[in-house]
Each structure stands twice: as structure tokens, then as C-alpha cells.
Asker: 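One structure, as C-alpha cells, below. Some questions next.
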2 protein chains.
Amino acid sequence: MHDIAATAGVSRGTVSRVLNGGYVSASARAAIERAIREVGYVPNTAARNLVMQRSQAIGFIVLEPHSLFLEDPNIGGIMLGANAALSAADYQMVNLVVDSERDTARITRYLSGGFVDGAIIVSARSHDPIIQVVGGIALPSAFVGHPRDLHPDIPYVGIDNIASAEEITRRLVATGRRRVGMIASAVDRDSGADRLIGFQRALGPAFDEALVAEVPLYDFACGAKGMRTLLERDPTIDGVFAASDAVAAGAMEALREAGRTVPDDVGVVGFDDSSWATRTRPHLSTVHQPAGDIGSRAADLVLRQLRGESIDRGGVLMPSPVVWRASA
Amino acid sequence: MHDIAATAGVSRGTVSRVLNGGYVSASARAAIERAIREVGYVPNTAARNLVMQRSQAIGFIVLEPHSLFLEDPNIGGIMLGANAALSAADYQMVNLVVDSERDTARITRYLSGGFVDGAIIVSARSHDPIIQVVGGIALPSAFVGHPRDLHPDIPYVGIDNIASAEEITRRLVATGRRRVGMIASAVDRDSGADRLIGFQRALGPAFDEALVAEVPLYDFACGAKGMRTLLERDPTIDGVFAASDAVAAGAMEALREAGRTVPDDVGVVGFDDSSWATRTRPHLSTVHQPAGDIGSRAADLVLRQLRGESIDRGGVLMPSPVVWRASA
DNA sequence: TTGTAGGCGTTATCAC
DNA sequence: GTGATAACGCCTACAA
């Protein structure tokens, strides 16, 4: 900036004023703008950050094993939704991938070092060092995903997994299924546990533990494996709630291998309403997750705090309606 | 830092020395470390960046329509590979999503504003404003993906789409297929165009334009549509090269609907060796893309420049071997 | 309207 | 070993 002040024959203060916006004479402005072009000047944001005490950047962090980061059909939508909201407010979303202990330590520094003004954190767990830091330095943040056991000052946004699982299971039963099972993924995570709870709640006394196949991941292969387990345990099974669409697709594959048709022999429903849902034959009945809305809502929560507005502590649950297609 | 210097009764210089590493007496160090804990001090990275003239951060940018960003099976692997390499060198990878004109403008400022010391750019196109900027300020960078028509000073890493497409097509032919077609996706992009070129090259004079179905995207639905087109144009078709595994999966679905078996009636091969490849029945023969290696190689290219080492201008092609499974 | 000068939080270069 | 002090590049009163 020194250079351009010199070549334009003005003081640095005046240059700063045209860069931002203040009272500058037309002649001075013209000279400065020309000088800027000549010198190829670009403002140094680091210096600006230092004096302004803000970076106009918001971190977006997914605290999941990276396999899931790659596979989860919702993460991308959440990111895009968040980015759209942040972008509109002229904030740069910076996505940080945590894939090792080392990443965690480095990101911790990054967050507390003034690189970002806030953070959106997906799938936080209370014990995670990153959320300790966020809480510790009171970085304006929002959680996406796990509603419970988190820092009391940080809001979250998610969906009601229990209610939606319950609802879609009820409708599965309403199609006349008598022996309905579930392929329950990742029951060690809130979403997985909640979907199982909802399933059980819908069935009430008819719930049969033997008709629940637990699998570790929300993926296709686990779905196929879970379905085979279920068929083995009870060949008369005629309804299945899969914990995600990918799981459901895997289940349908196993069903086809076993010679069963969907929905005639077995009705199957999924969860997520991801691209899997319309990739299967027939298309999946499932629970719609408004990923984009979740992301933009989380962004909004952070932006509000940045503006000093008050927000509800606790969480906001976005609607996740059942979408009925042909698989059940 | 001022505070902790005061409470520890030393100068800021000494504090800085214990933070980084220099000669400090044990007593001073102890006093300072205690003060740090008491005050809950965290170093301000923005200030450090300003004086150090570096941020220890590298941007990672995907210049694709966001739909592809969500669907592409390779992007995630490339990201992870890049992150691993950068992390090991103690650099923070920051992922920037571009999803609008506005994003482009903002990212442009971000890159030239000192937020990052370098950038990895996936799927760059020469006309993109972002690569203009990168070239303009000589930001140490590497491109992933499109080998041609780019900035001469910036290296790239990718695979040889032409050679691999040619190789897998040849092996398809070698299984005895007489009427082999291709479902060609995104022929307006380098990867898509190259795979088509390789296909044509493998077939030589036997190449029949009518057996090429062009579809816009590398996805499942396009694969199914392309396959139906092909079957319609020539019911005797007995071999198909799909431009990606997702496309191949869609093609197999269409084949099944048409009552054809794979590989008996029709042999099909894909490209990517993504999770799709082992999700189909039978598993797909395909071209392996070493996504992780590509990412870490790109990171390495950037790190080298940062260290002032010389690198080869031009590009590096990573090996992308055919993996033979059961679908052909 | 414009110039001057102090300060943002660090690091680095000196003397001491 | 340690303490001043000058940058780093920018913004913003305050004066002129």
C-alpha cells in the first residue's frame, strides 16, 4: 500500500479510504485506482484481520471417521447449504478435514488463532478436543447432528430421528406387514440409536429383538449383510426398515439374491432421501433429510451470534417428512 | 501476550522465545508457562502471519459444478491424500467450495489476501478467474485433472485417460466381444473426451459411431439411459465401456431390465474403481484411479515450491492400472 | 477532503 | 539470557 500511496502522490490513509469507502475527492480516487492497477496491488487480508479483529471466515468441520465423510450423502448438502448462507453474508466458508490426531491439534490452533470468526461443527462429540477449544474461547458456533450432551452455550440443528423413524415404521406396518425387522446401523451414534428407538416405539409390544440386525456402517455392503442375517433369522420377514437409503439399497440387493421381490414379498423403507432412493428398483420410500436447510440454518445461527443477536440455546429440529414411493 | 509478559514479569520478547524456542532460563520459562495457563492465552495467528509473511495454510479448491463435487467418487480421496501430505508438513488444508459467482470473487480475494501460502486446484479450466489470480500473484499451486491449456508455470497431476481407456477397451475386445459400444459422459470435459478418444483408438477401424451414446454426467441415471439408447440402436451389442463406474452400474441396471445378463450376454467395464465397482453384481472390471496418491502428489508439488525447490513444469501422470473383475 | 500517527499481536535484531 | 525496539500492512481517530 505504501507503494501505491507514493505513486498516486497521496497518503496511505487516503488509499485506505478508497479501498473501504470514505470521503475521497474524485481526482484522488482516480489517481489511486490507476496506481492500484499499475502496481497490481492486492490488499493483505492478514494485516486487515489483525487490526479489524476478524477474518470474515467461518470454519466447517466434520468430526467423523473420514470414510463416512466420503460416503455420507448428507454432508455435501449441508456444506452447500451452509456455504450459500455464509456467502450471502460475505463470509468465506473454510472446510477443515480432520483425519488424524495431528489434524485435530492443528485445527485446534487454527480455530483459536484468529483464522475464523466462527465455526459449524458436524457430528460433534462432547469429548472431542475441538469442541473443548471452541467452548473454551467462546467461538461463535453451531453444531449439526448430535443433539445431546454438548456444550450448553452452543446451539445445534438437526432432525428428530426418533419421530421420523417411528413415523416411517408405522406406515410400513400400515401396508399390512406382519413381520417387520430393522437393519440398524451405527447404533453407537446418536442418529443410529435414535432410529432404532423410533422403530421400537412404532412396533410397541410387537417389537422383536431377533428382527433387528445391527451393522456398523450406513453403507450398501452392511445393508446387504444385515438383510441376509434377517432372512436367516426369519425367512417369513415381510418388512424392513433400513437405517439409511444406502443400507436399504444393499438390503434390496440381498433380497433379490434371495429371490424375494420388493414390495410384493418384502416392503423396505430407508432414511435420508439421498440419491440412492431413486436409484433402486422400485424407488425407495424414505425419510427426507433437508440437508441444505440444515446447513443454512446452522450458518444462520453462527451469523446471528456474530451480529450480537441473541439465539435460543438448545436446538432447532428441522422437519424431516416421510416421502412415500414404491418400495413399500 | 502483553498480559502474560506483565504477569510473568518479563518482556514480550522472552515470551515469544518460550512460545517458539530459544534460549530462556528455566525460571523465566516456568513463570511464563504458568502465566499462560492462568490467562488462558492463545497466540494470535493473524499477527504471526503478518510478520512471518506466511499462514501455514494451503487452499484446496474444486472448480466443478457442485453436483459433481458431491457425486464424484475421486474428489474425496484426492482431498484426503492431499490433507495427509500437507498435515505431515504441518500445513492446514482449507477446503473452499465454489458454488456461485459470488464465491468465485470472494475466493479470489481470499487467495490473494495472504490466507494461504499455496493452492491445490481440481478441475481447473483456463478461463476461470480463480486460476487467473493464482497465476497473476504467482501463488505456489498445483492443478489436478485437466492436463491441457493451463498456466505454463503451474504443474499438474493426473492420469492418462486416453491410454487407460484404450487399454481397458482392448481387454474387453480380447474377451471376444464383437459389437462393443461406449457410454460417453461429459465429452465436453477433458476426462470425458479423452476416454472417448482412447475407446476409439482401441477399436480402430472397427469403431462405430452409432455405438457411442453420449450422456451429460458421470452418474447412475445417465448410465441407465445411455445403455437403453445403445440397446435400441443395436440389440446385438455385446460389450460396453462405461465412462465411469457409476455409469456402468446404471448400464447394468438397464441391461438387467432388458433381460440381458452380465457378463454372459454383455460384457461391461467401467472407470474409477470407486465403491460402485464392488457394489454391482458381478463386480466391475474397471480402471483404478489412485485418488489418494494424486492428492498427495499435488500437495507435494506445492510444498516443493514453498521450500524453493525446483519442480518440473508440465505434468505428472500417475499410473492407473486396469483391474480385472467379473463383469467382462 | 486529506495527512499524521498510534496501535493491532507477533517476530526478529540488536545491544546489554 | 533478556529487554527494548523496529518492522509486518492495514485501519481509524484526530488534526489540519
Side-chain angles (χ1 to χ4, degrees), chain A residues 1-36 38-57 90 92 106 109-117 137-139, chain B residues 1-36 38-57 90 92 109-117 137 139:
Chain A
M1 177 190 275
H2 199 79
D3 302 352
I4 106 152
T7 59
V10 296
S11 78
R12 295 172 297 160
T14 307
V15 175
S16 175
R17 275 183 281 267
V18 4
L19 255 33
N20 304 304
Y23 295 128
V24 184
S25 69
S27 62
R29 160 162 279 127
I32 289 172
E33 283 174 345
R34 194 163 44 74
I36 285 181
E38 277 179 16
V39 182
Y41 166 80
V42 291
N44 180 317
T45 325
R48 179 195 304 238
N49 291 349
L50 184 58
V51 59
M52 301 289 277
Q53 303 286 48
R54 58 199 173 71
S55 61
Q56 289 290 109
D90 210 41
Q92 175 64 47
R106 191 168 18 71
R109 275 181 270 137
Y110 192 86
L111 292 179
S112 52
F115 271 94
V116 297
D117 297 337
I137 62 175
L139 187 72
Chain B
M1 178 189 276
H2 198 81
D3 302 352
I4 104 155
T7 57
V10 296
S11 78
R12 295 173 294 159
T14 307
V15 175
S16 176
R17 273 184 281 269
V18 5
L19 255 31
N20 304 303
Y23 294 126
V24 183
S25 69
S27 61
R29 160 161 278 127
I32 289 171
E33 283 174 344
R34 193 161 46 74
I36 285 180
E38 276 179 17
V39 182
Y41 166 80
V42 291
N44 180 318
T45 325
R48 175 190 305 223
N49 291 351
L50 183 58
V51 60
M52 301 286 278
Q53 302 286 50
R54 58 198 173 72
S55 61
Q56 290 289 108
D90 210 40
Q92 176 64 47
R109 276 182 267 137
Y110 192 86
L111 292 180
S112 52
F115 270 94
V116 298
D117 297 337
I137 61 174
L139 186 72

Asker: Out of the candidates B:V42, B:I4, B:D3, B:T7, only one should pair with B:I36 under the side chain to side chain contact (heavy atoms under 4.5 Å, CB included) rule; please name it.
Answerer: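 Output: one option passes, namely B:I4.
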Asker: How long is the gap from CG on A:N49 to CG on B:L50, to the nearest 0.5 Å?
Answerer: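 Reported value, rounded in 0.5 Å steps: 9.5 Å.
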Asker: I need the CG-C1' distance between A:N49 and D:dG9, as an integer number of Å.
Answerer: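 Rounded to the whole Å, the gap is 11 Å.
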Asker: Please assess A:R12 against A:H2 for the test side chain to side chain contact (heavy atoms under 4.5 Å, CB included), listing each intermediate value before the final yes or no.
Answerer: CA-CA 6 Å; A:R12 295 172 297 160; A:H2 199 79; 3.6 Å; yes
Asker: Expressed in angstrom and rounded to an integer, what is the separation of B:I32 atom CD1 from D:dT2 atom P?
Answerer: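 Computing the B:I32:CD1 to D:dT2:P distance gives 8 Å.
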Asker: Just verifying a value: how many Å separate B:Y23 OH and B:R17 CZ, rounded to the nearest 0.5 Å?
Answerer: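 Between B:Y23 OH and B:R17 CZ, I get 12.5 Å after rounding to 0.5 Å.
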Asker: Find the distance between CD (B:Q92) and OG1 (B:T45) and round it off to the nearest 0.5 Å.
Answerer: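 OG1 of B:T45 is found 10.5 Å from CD of B:Q92.
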Asker: Report yes if a donor N or O on one partner sits less than 3.5 Å from an acceptor N or O on the other, where the partners are the side chain of B:R17 and the base of D:dG3; otherwise report no.
Answerer: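 Result: at least one qualifying N/O pair found.
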Asker: Just how far, in rounded Å, is C1' of D:dC8 from CZ of A:R12?
Answerer: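 Whole-Å distance recorded here is 12 Å.
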Asker: How would you label the contact of B:V42 with the nucleic acid (heavy atoms, under 4.0 Å): base, sugar-phosphate, or nothing?
Answerer: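 Sugar-phosphate contact only - B:V42 comes under 4.0 Å of backbone atoms but never of a base.
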Asker: Select base, sugar-phosphate, or nothing to describe what B:N20 touches, counting heavy atoms under 4.0 Å on all strands.
Answerer: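 The residue B:N20 makes sugar-phosphate contact but no base contact.
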Asker: Atom CZ of A:R48 to atom C1' of D:dC10: distance rounded to whole Å?
Answerer: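 After rounding, the reported distance stands at 8 Å.
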Asker: Round to the nearest Å and state the distance from A:M52 atom CE to D:dC8 atom C1'.
Answerer: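 My rounded result for the distance is 18 Å.
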Asker: Counting any heavy atom closer than 4.0 Å, what does A:A28 reach on the DNA or RNA strands: base, sugar-phosphate only, or nothing?
Answerer: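 Here A:A28 touches the backbone only, sparing every base.
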Asker: Reading DNA chain C 5' to 3', which nucleotide is the first, and which the last, to come under 4.0 Å of any heavy atom in chain A?
Answerer: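 Extent of the interface on DNA chain C: C:dT1 to C:dG9.
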Asker: In this structure, how many angstroms lie between the P atom of D:dA7 and the CG atom of A:N44, rounded?
Answerer: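 Answer to the nearest Å: 18 Å.
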Asker: For a quick check of understanding: with a heavy-atom distance under 4.0 Å over all strands, which category does A:V15 fall into, base, sugar-phosphate or nothing?
Answerer: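 Contact class for A:V15: none.
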Asker: Nearest 0.5 Å, what's the CZ-CG distance between A:R109 and B:D90?
Answerer: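 The distance works out to 5.0 Å.
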Asker: Nearest 0.5 Å, please: how far is CD1 in A:I32 from OG in A:S16?
Answerer: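 That separation rounds to 9.5 Å.
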Asker: Mapping B:T14 and A:V51 to their closest nucleotides on DNA chain D, which lands nearer the 5' end?
Answerer: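 The answer here is B:T14.
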Asker: Given that B:L50 and B:S27 both sit by DNA chain D, which one's nearest nucleotide is further toward the 5' end?
Answerer: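 Residue closer to the 5' terminus by nearest nucleotide: B:S27.
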Asker: Could you state the CD-C1' distance from A:Q53 to D:dT12, rounded to the nearest angstrom?
Answerer: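 Taking CD of A:Q53 and C1' of D:dT12, I get 14 Å after rounding.
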Asker: Separation of A:D3 atom CG from D:dC8 atom P, in whole Å?
Answerer: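 Whole-Å distance recorded here is 11 Å.
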Asker: Under 4.0 Å from OP1 or OP2 of D:dC11: is there any side-chain N or O of A:S16 that close?
Answerer: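 True: A:S16 side-chain N/O within range (under 4.0 Å) of D:dC11 OP1/OP2.
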